[in-house]
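Everything on this sheet refers to the single structure shown next.
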Amino acid sequence: MSGPLRLVLFDVDGTLVDSQEGILGAMSAAFGAAGLAVPSREAVLGIVGLSLPLAMQRLAPEQPGAVHKRMEEAYRTAYFQQRETLGAVHSPLYPGVLEVLEKLHAVPEILMGVATGKSQRGLDALIEAHGLGRYFVTRQCADHHPSKPHPSMIEVALAETGVAPEAAVMVGDTAFDMEMAAAAGIAAVGVGWGYHRPEMLTGARRVIDRFEALPAALDEIWKDVTV
């Protein structure tokens, strides 16, 4: 090993994969099951990254918990049916993702993981569909943590890998990712191609507009880290 361990944590939806059509379709099914008008595209994409229960509370705040539960189940059913039908096409990787993951994976001191609002079932299926399993040594998802921006996912990832906070970076497309990173005391890189506008990523140390720019952004963030 040529240096101290580093950790790069990735959000999934809107960062590694473009899953917006699947999310929008499943949300339409969820609201239809409750007999409610479907929110706007902007509103739905604005909650991507939150856990599903919190997302439903944000999108339908006037509805009781029992309705939210019914909507969650309808969403999961529709999303999984779409995924079973379409496979990897359901949530395609953004350009450059595989190449950059492979480049980072080739550096012995860099560990990678994911911190996502997806369920364990959804995350595992997506990783399998795209053959990403060998890249991620820690996988944190909504089933085992409070919703973003609570820092739990990052804190557990740091504990699992033994990496110091100053040597870790969160990469994501939403303000929730930036806020989670700040709450956990780590740096964040925002990506400009996801579901929140770049100007919303105010907590990011860097905002990149293509995945290939990530290694240089990491080098810049880590240039003075000595742990």
Side-chain angles (χ1 to χ4, degrees), residues 1-17 49 93-118 120 123-124 126-145 148-174 176-194 198 201 203-227:
M1 185 178 299
S2 59
L5 286 177
R6 309 283 195 247
L7 176 63
V8 186
L9 289 170
F10 294 95
D11 170 58
V12 176
D13 296 312
T15 300
L16 296 178
V17 300
L93 293 169
Y94 284 107
V97 167
L98 276 178
E99 294 81 2
V100 173
L101 290 181
E102 187 62 32
K103 181 176 181 177
L104 296 175
H105 184 63
V107 181
E109 62 265 33
I110 294 180
L111 305 177
M112 292 185 290
V114 292
T116 176
K118 298 180 83 66
Q120 187 75 62
L123 176 61
D124 290 347
L126 185 141
I127 286 176
E128 181 180 0
H130 289 293
L132 303 178
R134 68 193 186 94
Y135 296 117
F136 303 126
V137 300
T138 181
R139 304 179 189 181
Q140 309 303 325
C141 64
D143 290 358
H144 312 300
H145 298 278
K148 297 176 184 179
H150 193 284
S152 175
M153 284 193 272
I154 293 177
E155 291 170 346
V156 172
L158 293 173
E160 286 185 355
T161 58
V163 175
E166 55 266 41
V169 174
M170 178 70 203
V171 181
D173 69 305
T174 71
F176 311 129
D177 298 311
M178 307 300 104
E179 293 165 8
M180 179 174 65
I186 74 171
V189 171
V191 305
W193 53 81
L201 309 180
R205 291 274 293 275
R206 299 284 186 280
V207 177
I208 58 177
D209 59 6
R210 57 191 184 90
F211 213 80
E212 292 85 350
L214 180 59
L218 295 174
D219 288 343
E220 179 64 22
I221 290 171
W222 285 333
K223 66 180 180 180
D224 297 322
V225 174
T226 57
V227 295

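The figures that follow rest on heavy atoms only: side chains count, while hydrogens, waters and symmetry mates do not.
Within the 4.5 Å cutoff, no side-chain heavy atoms of Tyr94 are placed close to those of Val191. Side-chain contact between Phe10 and Leu101 is present, with heavy atoms from C-beta onward closer than 4.5 Å. Looking at Trp222 and Val169, their side chains come closer than 4.5 Å, going by heavy atoms from C-beta outward. Contact annotation: the side chain of Leu9 never approaches that of Val171 to less than 4.5 Å [non-hydrogen atoms, C-beta and beyond]. Counting only heavy atoms from C-beta outward, the side chains of Val100 and Pro215 approach each other to under 4.5 Å. In this structure, Leu104 and Leu218 have side chains that are in contact, with non-hydrogen atoms separated by less than 4.5 Å.
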request  = Carefully, step by step, assess Val8 and Leu111 under the rule side-chain contact (heavy atoms from CB on, under 4.5 Å).
outcome  = CA-CA 6 Å; Val8 186; Leu111 305 177; over 6 Å; no
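The side-chain contact (heavy atoms from CB on, under 4.5 Å) check on Ala181 picks up Ile154, Met170, Ile186, Ala188, with sequence neighbours excluded. Partners of Lys148 according to the salt bridge (Lys or Arg N to Asp or Glu O under 4.0 Å) rule, which considers only residues two or more places apart in sequence or in another chain, are Asp11, Asp177. Residues forming a side chain to side chain donor-acceptor pair (under 3.5 Å) with Gln140 (at least two apart in sequence, or on another chain): Thr138, His145, Glu160. For Val207, the side-chain contact (heavy atoms from CB on, under 4.5 Å) partners are Pro198, Leu201, Ala204, not counting sequence neighbours. Under the salt bridge (Lys or Arg N to Asp or Glu O under 4.0 Å) criterion, Arg206 pairs with Glu220, sequence neighbours left out. His105 meets the side chain to side chain donor-acceptor pair (under 3.5 Å) test with no other residue; sequence neighbours excluded. Residues satisfying the salt bridge (Lys or Arg N to Asp or Glu O under 4.0 Å) criterion with Asp124, sequence neighbours excluded, are Arg139. Every residue was checked against the salt bridge (Lys or Arg N to Asp or Glu O under 4.0 Å) condition with Asp173, not counting sequence neighbours, and none meets it. Listed by chain and number, the residues in a side-chain contact (heavy atoms from CB on, under 4.5 Å) with Ala182 amount to none (sequence neighbours excluded). For Pro95, there are no side-chain contact (heavy atoms from CB on, under 4.5 Å) partners two or more places apart in sequence or in a different chain. Considering only residues two or more places apart in sequence or on other chains, Glu102 meets the side chain to side chain donor-acceptor pair (under 3.5 Å) condition with Arg134, Tyr135. Checked against side chain to side chain donor-acceptor pair (under 3.5 Å), Arg210 has no partners two or more places apart in sequence or in another chain.
Summarising the geometry of Gly185 relative to Pro165, their closest heavy-atom pair is O-CB, 3.7 Å, with the distance given to 0.1 Å. Shown here for Gly117 and Ala142, the closest heavy-atom pair between the two residues is O-CB, 3.2 Å. Taking every heavy atom of both residues into account, Ala187 and Arg205 meet most closely at CB-NH1, 3.7 Å. Contact between Gln120 and Cys141 at its shortest, heavy atoms only, is OE1-SG, 3.3 Å. Here the closest non-hydrogen pair linking Ala167 and Leu5 is CB-O, 3.5 Å. Phe211 approaches Thr15 most closely through the heavy-atom pair CE1-O, 3.9 Å.
Rounding to the nearest 0.5 Å places CD1 of Ile127 at 10.0 Å from NZ of Lys118. Taking CZ of Arg6 as the start and CG of Asp219 as the end, the distance is 9.5 Å to the nearest 0.5 Å. If you take CG on Leu7 and OG1 on Thr161, they are separated by 4.5 Å, rounding to the nearest 0.5 Å.
Under the 3.5 Å distance criterion, the side-chain polar atoms of His130 are left unmatched by any main-chain donor or acceptor of Leu132.
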